[in-house]
Every structure is written in C-alpha cells, then in structure tokens.
Amino acid sequence: MKNSLFLKDLISSDDISSENLTVIFEKARELISLVKQKGGDNRLQGRILAALFFEPSTRTFSSFITAMQRLGGGIIPLNGMQNTSIEKGESFEHTIRVFSSYADCLVVRHPQVGMPQIAALVASVPVINAGDGIGEHPSQAVYDCFTIVSRFIGKSRLTVSLIGDLKNGRTVHSLAKLLPKTGLKINFNFVSPEVLKMPPEITGYVKSKNCPVTETDDLLSVVGKSEVLYVTRVQKERFSDLGEYEKIKNYYVVNRKVLQNSAKDTVIMHPLPIAAGEISDDLDDYPGSLYLRQQLQNGLYIRMALLDLILRDQ
Ligand code: CP
C-alpha cells in the first residue's frame, strides 16, 4: 500500500485515514521485530527531529526521542522551553521557523489548543502534534488503537468505555475519532461526571460514523459489558478553580472490587500519568492491565513507524 504520510503533518486524528492506519500498523509490526532482533537500524541517518515541548511530558517526549535514535536519526530535545529565546520574548512562530530550518520534523506539545496547527502553517517541515491543551493527541490515539486491535484479533465488534475527564482529556478526543477507522464496530460508553462530559462535537462525530454512544456517570453499569475500560485522569492543569478539582479528582477509582463483574478478556488502559489514584496500584500487575505493558511499549513502536513513514518516501 502507498505511503501517503510522507512529509505530511499529523495534527489531529482527522489527518489519519483507515488506509493510513493499516500502513502504520504494518510498519509497527516490522519495527517490533527489528527492535527485538537488533535494537534498531540507521534508516533515518542524516534526519533530525526537534522535540519542542512547551508543556511537561514523560512518555511522549522520551518515546519520540528514543524512536528517532533507534532508527539512526539525530535529535534536538527540548523538554521545556526554559533557556531558549522564548524567555527573551521571541514569538512562537519565529521559534518554529528557526527549528524548521535545522530539523526535518518537529514534534510540538503546547498547553494551548491549535498551536501545533499554527506551527504547521509556518514550518517548512512536517509537524506532529504531541498534545495541544484540551485538543488532541493523535499519536497517542494511533498506539491506543494498535493496542486494542492487536489485543482483540478475531473480534469484529467491541464495547469501549472511555472513563473520567472526557471534557479536558485530549487522548480520549483523538481516540474516539480514530477507533471507528480501525474497521472494528465500536459501541462506546462515555463515562464521566456531568461537568466533565465529552464535547458534543466529538460525540456527534462518533455517532455519524455509526458507533452507538451511551453517556452515563455510572461506572459500575458499564464494567461487565466492556472489553476495553480506558481510564483517564482528571486534568488538574485545566482547572482554574483547584477547589473544584479536589472535589472531583477521585470521582472514579478503578480497583479489583470494581472489576469483579468484568469479563475475562476485559482490558484496562490509561494514557498515563495516573495522578490522582483513578486506577488503584493493585491493578498494575493485573492480567488485563495494559497501561504499564503493551500500551506503553506500543507508544515507542508506533512513533518509530510514524517517523519512518513521515521522513522516508517508500
Ligand atoms: N500519555 C502522555 O501523553 O504522557 P506524557 O504526558 O508523559 O507525555
């Protein structure tokens, strides 16, 4: 299949087609074998990735850096923009233009929605959105979809429950839009307190793709009917009133008791970090917990696949 991701920006799940997903997943499987056999190779030798993180990150930053290095490329790693000329007042647009004249691809995280899109407009190289405020996080959604598809081979229909801060959680925005493109028939449960409901435009989009959606605040009502329980943290950094955050941060706590009526094949996913105990520590080694195992590992392989496909014509 043709690689139509070559030199393309990745700003939103809208930028990824079903055909793209097939190509990315095939590439990721090739790269899993490569890493297991040899650790990596030099296919991106001579290419440079600039990781420009205007907001904190552990996984996204480190996995993009690792992905580039495992494929032989170079990096400009800025996890935080302290000590750059942003501190002297240089504009975002000029900063992007500077790095796009040094690097072959920019990975941009920013607390404000839409900034990676602005970066893509001024950059002369491809831009990957590594999370923009309460907007989107498309590379996370690609590896979440890969994790689900790989786990449920042979199933054509799944019930996926997205749980927690669906209003502010960019990972669930991107995932809800991308999952219908996997070819699986998805029934969604959107599980949140009333004040943290999924934005209506995303619920409307998902319904327009013929995915039934149930919106509820009752976690226990969905546990026994879900193959995937995708839990998110309440996003403290998006609250102007921290008193409101404190009241709601533990609205859901998923633990072994909550899972007692779950099906044998139910999996627990979380984009991480777990920051307010929304998944209890005693689930870290639960057989169905994927968040510190396959889901996390797939983040590296999918980002290797994306960089390979975006940076090399093939
Ligand atoms: N899932 C995720 O985006 O994690 P980081 O914020 O650590 O990058």
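Keep in mind that what you see is a predicted model, and the values were worked out from it rather than measured. Start at 1 and go down the list; that is how both ligands and their atoms are numbered.
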Those atoms of ligand 1 less than 4.0 Å from some heavy atom in [X]:
X	value
T60	2 (C), 3 (O), 4 (O), 5 (P), 8 (O)
L272	1 (N), 2 (C), 4 (O)
T58	5 (P), 7 (O), 8 (O)

Practice task
Report the nearest protein non-hydrogen atom to atom 4 (O) of ligand 1: residue, atom name, distance rounded to 0.1 Å.
Solution key: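 Looking only at protein heavy atoms, the one closest to atom 4 (O) of ligand 1 is R59 NE, 3.1 Å.
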Handout entry: Close aromatic pair by centroid cut-off 6.0 Å: F54 and F92
Key =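 Between F54 and F92, the centre distance is under 6.0 Å.
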Practice task
Heavy atoms only: give me the nearest I134-R238 pair and the separation to one decimal.
Solution key: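 So the two residues come closest at CG2-CD, 3.5 Å.
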Practice task
Over all heavy atoms of both residues, which pair between A51 and F61 is shortest? Give the atoms and the distance, please.
Solution key: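 Nearest pair, atom of A51 first, then F61: CB-CE1, 3.8 Å.
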Practice task
State, with a plain yes or no, whether a side-chain heavy atom of I48 is found less than 4.5 Å away from one of I75.
Solution key: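 I48 vs I75: side chains apart.
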Practice task
State, with a plain yes or no, whether a side-chain heavy atom of Q235 is found less than 4.5 Å away from one of R233.
Solution key: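 Yes - at least one pair of side-chain heavy atoms lies under 4.5 Å apart.
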Practice task
Examine R109 against ligand 1 and note whether any of their N/O atoms are separated by less than 3.5 Å.
Solution key: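 So ligand 1 has an N or O lying under 3.5 Å from an N or O of R109.
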Exercise for the section: Return yes or no for this condition: an N or O of F61 is under 3.5 Å from an N or O of ligand 1. Expected result: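 N/O-N/O distance below 3.5 Å does not exist for this pair.
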